[in-house]
Amino acid sequence: MSVEQRSKSSVTVIGLGPMGRAMAGAFLDAGYAVTVWNRTAGRADELVARGAERAPSAEAAVAANELVVLSLTDYDAALAVLGSAEPALAGKTVANLGSDTPERAREVAGWLAERGAGHLTGGVQVPPSGIGSPGSSAFYSGPAELFERHRAALEVLTGADYRGEDPGLAQLYYQIQMDLFWTSMVGYLHATAIAEANGIPAEDFRPYAVSTASLLPGMVEFYAPRITAGDHRGDVDRLTMALASIEHVRHTVEASGVDGALPALLAETVRRGVEAGNGGASLSTLVEQFRRA
Ligand code: NDP
């Protein structure tokens, strides 16, 4: 294999939690030569049995390939690993696919640039089971030329949605998705707790939860253009209606003996909008309220 062929079809994966193991496995399935390293060496055993090469150190793993995929808990972990591999970093591209903040992504990209290495930020939107599956998706940002150079390799893992040059962008898109995801999931689990406290098993609640959750896409489509236009007219819903409804939820929660912190927070948030004089406006006016805070 020529040097050029090898650089096109080989990759290093550092960090072998559930995500990193799925990534290294997907590269192996796609025929890549894969070098792996993990702080706890035993996590590489299965991949080595499948043909991956175990590097003796993070530095050796970075030295092995031009493209270095990091799948670590956060960017502190990334800096700990990259710090120990510093002599090998010049000329490498680090695709950093762990979760952290936009600010941290910019810092780590700057830290790598000072050492002659490129940084692509990645925000993976699927669990390990979605790695290597068509239709799954990850946000990327960083230098366009670097992204294009490594796009084919990154698309072995997921679809790649390139958001722009700013290293913080991929994390920003990822974190706003996560904000929506976590609040929705916690809402679902809270509703399930109320159902179960009243003798309705999660399985019986399931079709109704699915039905309510499936309203969300239509709501997003309806409200996004209005929010863009600053149009919060209360022709479809009003903040006062939302507050009354949330109070009914709150009292149902109390009577059920379920933790009421979540609906109390919702009620307080909406009440602030009503007290500010926006009772007749749509719930969408909360975007302005959040922005001001
Ligand atoms: P973890 O977040 O548990 O990542 C664990 C990996 O990070 C392990 O390889 C661990 O090494 C390593 N690590 C942590 N701290 C250090 C350190 N200081 N020095 C060296 N290595 C360190 O598991 P996942 O694989 O699930 O997640 C990886 C990333 O992917 C996270 O940022 C996560 O948010 C993101 N992600 C995960 C998803 C999921 O469903 N799992 C979905 C989407 C994104 P060791 O084995 O030695 O402990």
Side-chain angles (χ1 to χ4, degrees), residues 11-28 34-50 52-62 64 68-86 88-89 94-109 111-112 119-133 135-142 154-161 163 167-186 188-189:
V11 64
T12 288
V13 179
I14 292 180
L16 301 174
M19 205 45 140
R21 288 201 299 276
M23 290 176 176
F27 281 126
L28 286 172
V34 182
T35 300
V36 292
W37 183 83
N38 193 61
R39 180 179 60 179
T40 308
R43 297 226 161 92
D45 290 351
E46 200 190 316
L47 292 160
V48 170
R50 289 175 58 192
E53 180 144 349
R54 188 196 319 258
S57 65
E59 184 181 337
V62 170
V68 178
V69 171
L70 295 189
S71 179
L72 298 161
T73 305
D74 54 24
Y75 281 20
D76 279 346
L79 278 181
V81 171
L82 294 172
S84 74
E86 223 173 316
L89 285 173
V94 175
N96 199 352
L97 306 189
S99 169
D100 215 309
T101 64
E103 292 75 18
R104 290 291 279 153
R106 293 180 190 115
E107 282 166 27
V108 173
W111 186 91
L112 278 167
H119 183 267
L120 288 170
T121 313
V124 179
Q125 296 180 73
V126 289
S129 59
I131 298 298
S133 304
S136 59
S137 178
F139 296 119
Y140 284 95
S141 67
L154 298 170
E155 285 181 343
V156 167
L157 305 178
T158 61
D161 184 352
R163 299 281 79 216
L169 270 178
Q171 288 296 353
L172 184 61
Y173 274 90
Y174 178 72
Q175 299 307 344
I176 56 183
Q177 293 293 100
M178 286 297 101
D179 185 22
L180 177 57
F181 174 79
W182 290 123
T183 47
S184 305
M185 272 306 292
V186 171
Y188 159 65
L189 295 170

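Both counts, for ligands and for their atoms, begin at 1 and track the order of listing.
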Would you mind writing out the side-chain donor-acceptor pairs for residues 17-24 within the sub-3.5 Å range, not counting sequence neighbours?
residue : atom : partner : partner atom : Å
R21     : NH1  : L16     : O            : 2.8

Show me the donor-acceptor pairs within less than 3.5 Å that the side chains of residues 74-84 make with the rest of the protein, sequence neighbours left out.
residue : atom : partner : partner atom : Å
D74     : OD1  : D76     : N            : 3.2
D74     : OD1  : A77     : N            : 3.0
Y75     : OH   : Q171    : NE2          : 3.0
D76     : OD1  : R104    : NH2          : 2.4
S84     : OG   : V81     : O            : 2.7

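In this structure F181 satisfies the side-chain contact (heavy atoms from CB on, under 4.5 Å) test together with M178, M185, sequence neighbours excluded.
For E46, the CD atom counts as loosely surrounded, since its 6.0 Å shell holds 12 or fewer non-hydrogen atoms of other residues, nucleotides or ligands. Within 6.0 Å of atom CD in E59, more than 12 heavy atoms from other residues, nucleotides or ligands are found, so the atom counts as buried in its surroundings.
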Would you mind listing each N/O atom of ligand 1 next to any protein N/O under 3.5 Å, plus the distance?
residue  : atom   : partner : partner atom : Å
ligand 1 : 2 (O)  : T73     : OG1          : 3.4
ligand 1 : 4 (O)  : T73     : OG1          : 3.3
ligand 1 : 7 (O)  : T73     : N            : 3.4
ligand 1 : 7 (O)  : T73     : OG1          : 3.4
ligand 1 : 9 (O)  : L16     : N            : 3.0
ligand 1 : 9 (O)  : G17     : N            : 3.4
ligand 1 : 9 (O)  : N38     : OD1          : 2.6
ligand 1 : 18 (N) : R39     : NH1          : 3.4
ligand 1 : 25 (O) : P18     : N            : 3.3
ligand 1 : 25 (O) : M19     : N            : 2.9
ligand 1 : 32 (O) : L72     : O            : 3.1
ligand 1 : 32 (O) : T73     : O            : 2.9
ligand 1 : 32 (O) : S99     : N            : 2.8
ligand 1 : 46 (O) : N38     : ND2          : 2.9
ligand 1 : 46 (O) : R43     : NH1          : 2.2
ligand 1 : 47 (O) : R39     : NE           : 3.0
ligand 1 : 47 (O) : T40     : N            : 3.0
ligand 1 : 47 (O) : T40     : OG1          : 2.5
ligand 1 : 48 (O) : R39     : NH2          : 3.0
ligand 1 : 48 (O) : R43     : NH1          : 3.4

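A cation-pi arrangement is absent between R163 and F139, since the terminal nitrogen or guanidinium carbon is not both under 6.0 Å from the aromatic centre and inside a 45° cone about the axis.
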